[in-house]
Chemist: 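I have a structure I would like to understand better, so I am pasting it below and will then ask my questions one at a time.
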Amino acid sequence: MKEEAKKILLPLLAKHLALSYHLDLPPSEFFSYKIDQLLSLPHSERPKILTTLLAERFLKDNFSNGCYQEKIFHLLLEEFKPLKGYLFYFPEKFLPKEVHFFKYQDFYFLPSFFRGLPEVFINLWKIEKPFTALYVELNSEKDLEKNLMMLLTFSSLGLTRISKKALPLVEGLLEVEKFLSLNSWEEKSSYLVVTQEEMPEDIKGILISTDPLGRKYYLIKEISYHHLQLALETLAGPIGVVPIKLSQENPFNQIPLSLLALASLEHARRAGLKVKQLDGFSLHVLGDLLLELEDIALAKKVYLLAKDYTRQPVELDLSLAKIYYALGDYETAEKLLRRHLCGCAKEDPMIHFNLAQVYLAKEDKNSAEYHLFKAYLLHPENSLYRQRLVEYLYLEDRKEEVLEILLPVKNLELSERLILGKIFFALGNYEESLKHLSLLIDKPERDGEASIYLAFLYLNLKKNPEIAELFLKEAQEKLEPSVYQRLKKELAL
């Protein structure tokens, strides 16, 4: 059973079952006791173990086919207000065996407090089985039913992951799809228009939907594009326009109409245009938006449709390579990137940077190092390229090269200060180490190794044992026990 289930579900079951003893065993001891062991215990120790066995049995009785059943899901819904996580729909009834979902009717749920959600999505995208997942915050059964209806509509759009960030951007599409499915709208002189403002009175349009961001979706019938464009020029931009006839042609007919409207609007916004009619490059823009919203599968599909229409082939292949890299298909990612290597002065450093990540994943250090240096030398002011090169060199224990690169830099990133602090500590230059590591005291970049170094520095340089003890405790929480004990012994703490 997953560690999160042990830590959260069993105590929750104890509360639900009104057990008089708390489940205060460490998670490692759950599902480790047998009846014979219980009988061998002194009577005074039996109640705690009996409580555990009862909660474990209840959980086992409500776990089948790799899923927690509805009774367990309802306990979560009663306990957590709101209950945050993702609702999943699998139209082909396929479930990955390694994931323990919470079942509800024909749908499945994973709470946000279960670690490994990013890996769940990556693995689902890898096997290319259809699914849709919607981020939800549930307070009641009513919330649940509403979100299940939304989930089904999003599934019909081909969306695979609707994150919290994505929801306001795509929620307006629900009413658009519902309207289009119930009404006749295929006249050749019809347009789907997305705007922030109300349509002028002389334009007879049907307001289909207004999304949470205030964007209005209109269906405009029986009008020439010239007349429509003149009317739209009186409004504030950006405005997206999709001719219905165009949406039925290849490649646009492979994307739902509501998503095409979103593509044209986003194209207008990013290009700084007041009005933008859908074109082939709008698909590239839609792919960028979907990738930003973390829907890798649909972004990949849209990018592939856009390949013959994009005006930015290098950028498109960079994005596609990023997707294939995330999915573990390093060969395809490498192939996409290498086709843009030209050996010329105008070579794109991002191509080299991304190739380096691919080669690191393939454990080809020589190629990775070459491309890390190439990206850095093409654009040495870029902190991203510099940081990744420095991290690589530091892990290879090439401290002098790290110092050569970083010491002339005036505005260091925190990750670079972390590395410098560790290097100066290893060299015995404690004053310089403290100068860098002290800037990380309230920053998430500080790791367990830095914490134990700060404990040493505050104890021996700053002569502040109380603060040193706090850093030592923090290091113990962050480091593996064996690493912590080794460093503590080496530093005589």
Side-chain angles (χ1 to χ4, degrees), residues 1-5 9 59-74 76-77 83-136 138 144-164 166-167 170 173-174 177 181 254-256 259 287 290-291 293-305 320 322-333:
M1 177 174 289
K2 305 292 185 182
E3 289 301 308
E4 292 89 342
L9 292 183
L59 193 57
K60 284 183 177 180
D61 287 348
N62 288 278
F63 185 87
S64 63
N65 299 320
C67 294
Y68 302 103
Q69 298 304 298
E70 288 191 29
K71 190 173 289 187
I72 305 297
F73 172 74
H74 282 292
L76 287 180
L77 190 56
L83 176 59
K84 301 178 181 181
Y86 279 88
L87 279 171
F88 286 78
Y89 172 61
F90 297 92
E92 293 185 0
K93 312 300 180 186
F94 170 83
L95 283 179
K97 294 180 180 180
E98 68 276 7
V99 183
H100 295 163
F101 290 96
F102 292 79
K103 193 174 188 300
Y104 178 79
Q105 298 177 6
D106 293 328
F107 304 91
Y108 299 86
F109 179 77
L110 280 181
S112 294
F113 53 70
F114 270 37
R115 293 177 297 178
L117 264 175
E119 289 79 10
V120 169
F121 283 107
I122 291 295
N123 290 332
L124 286 171
W125 286 321
K126 281 182 179 180
I127 58 180
E128 297 185 336
K129 292 287 186 179
F131 77 95
T132 301
L134 170 64
Y135 176 81
V136 295
L138 305 173
L144 177 60
E145 295 301 325
K146 174 187 173 184
N147 280 282
L148 292 179
M149 295 300 294
M150 292 171 61
L151 178 58
L152 289 173
T153 304
F154 284 133
S155 178
S156 70
L157 292 173
L159 293 165
T160 62
R161 180 182 186 181
I162 303 95
S163 63
K164 184 177 183 179
L167 193 54
V170 299
L173 308 184
L174 298 171
E177 288 301 312
S181 67
Q254 300 180 57
I255 302 293
L259 278 175
L290 291 167
L291 186 58
L293 298 178
E294 301 175 324
D295 192 335
I296 284 181
L298 188 54
K300 175 185 169 184
K301 174 184 175 179
V302 173
Y303 278 138
L304 292 174
L305 290 174
L320 267 177
K322 180 179 180 181
I323 290 174
Y324 284 113
Y325 175 84
L327 297 176
D329 187 351
Y330 305 131
E331 298 300 327
T332 303

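Note that this is a predicted model, so its numbers are computed, not measured.
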Chemist: Specify the closest pair of heavy atoms between Ile162 and Tyr86, including all atoms of both residues, with the distance to one decimal.
Modeler: O-CE2, 3.6 Å
Chemist: Compare all side-chain heavy atoms of Tyr68 with those of Asn62 and state whether any distance is below 4.5 angstrom.
Modeler: no
Chemist: Hey, what do you get for SG (Cys67) to CD1 (Ile72), rounding to the nearest 0.5 Å?
Modeler: 12.0 Å
Chemist: For a quick test of reading the model, state the closest non-hydrogen atom pair linking Phe73 to Lys103 and the distance between them.
Modeler: CB-O, 3.9 Å
Chemist: For the NZ atom on Lys97, are there more than 12 heavy atoms of other groups (residues, nucleotides or ligands in this structure) within a distance under 6.0 Å?
Modeler: no
Chemist: Could you report the tightest heavy-atom contact between Lys301 and Ile255, atom names first, then the distance?
Modeler: CE-CD1, 4.5 Å
Chemist: Taking the side chain as C-beta and beyond, is there a heavy-atom pair between Leu327 and Ile323 under 4.5 Å?
Modeler: yes
Chemist: Taking the six-membered ring for Trp and the full ring for Phe, Tyr or His, determine whether the centres of His100 and Phe114 are under 6.0 Å apart.
Modeler: no
Chemist: Look at the side chain of Thr132 and the backbone N and O of Leu159, then say whether any donor-acceptor pair between them is shorter than 3.5 Å.
Modeler: yes
Chemist: Any chance you could measure Met149, atom CE, to Leu152, atom CG, to the nearest 0.5 Å?
Modeler: 6.5 Å
Chemist: Could you tell me which residues satisfy side-chain contact (heavy atoms from CB on, under 4.5 Å) with Thr332, sequence neighbours excluded, listed by chain and number?
Modeler: Tyr324, Asp329, Leu336
Chemist: Quick one: CG on Leu293 to CG on Leu167, what's the gap to the nearest 0.5 Å?
Modeler: 10.5 Å
Chemist: In this structure, which one of Tyr135, Phe107, Phe101, Phe109 forms a ring pair (Phe, Tyr, Trp, His ring centres under 6.0 Å) with Phe88?
Modeler: Phe101
Chemist: With rounding to the nearest 0.5 Å, note down the distance linking CG in Leu320 to CG in Leu304.
Modeler: 5.5 Å
Chemist: Work out which heavy atom in Ala326 is nearest to a heavy atom in Ile122; give both atom names and the distance.
Modeler: O-CG2, 3.6 Å
Chemist: Applying side chain to side chain contact (heavy atoms under 4.5 Å, CB included) to Glu98 and Asn123, what does each step give before you reach the verdict?
Modeler: CA-CA 10 Å; Glu98 68 276 7; Asn123 290 332; 4.2 Å; yes
Chemist: Do Leu291 and Tyr303 come within less than 4.5 Å of each other through their side chains, counting heavy atoms only?
Modeler: yes
Chemist: Report the distance from atom CG of Leu59 to atom CD of Gln69, rounding to the nearest 0.5 Å.
Modeler: 11.0 Å
Chemist: To the nearest 0.5 Å, how far apart are CG in Leu157 and CD in Glu177?
Modeler: 4.5 Å
Chemist: Output, in order, the C-alpha distance, side-chain angles, deciding distance and verdict of side chain to side chain contact (heavy atoms under 4.5 Å, CB included) for Leu144 and Asn147.
Modeler: CA-CA 5 Å; Leu144 177 60; Asn147 280 282; 5.7 Å; no
Chemist: Is the shortest side-chain heavy-atom distance between Phe102 and Tyr108 below 4.5 Å?
Modeler: no
Chemist: Compare all side-chain heavy atoms of Arg161 with those of Trp125 and state whether any distance is below 4.5 angstrom.
Modeler: yes
Chemist: Ring centres of Tyr89 and Phe131 under 6.0 Å apart?
Modeler: no
Chemist: If every non-hydrogen atom of Pro91 is compared with every non-hydrogen atom of Pro130, which pair is closest and at what distance?
Modeler: CD-O, 3.4 Å
Chemist: Which atom pair, heavy atoms only, marks the closest approach of Ala299 to Leu290?
Modeler: CB-CB, 3.8 Å
Chemist: Does any non-hydrogen side-chain atom of Leu259 lie less than 4.5 Å from one of Val302?
Modeler: no
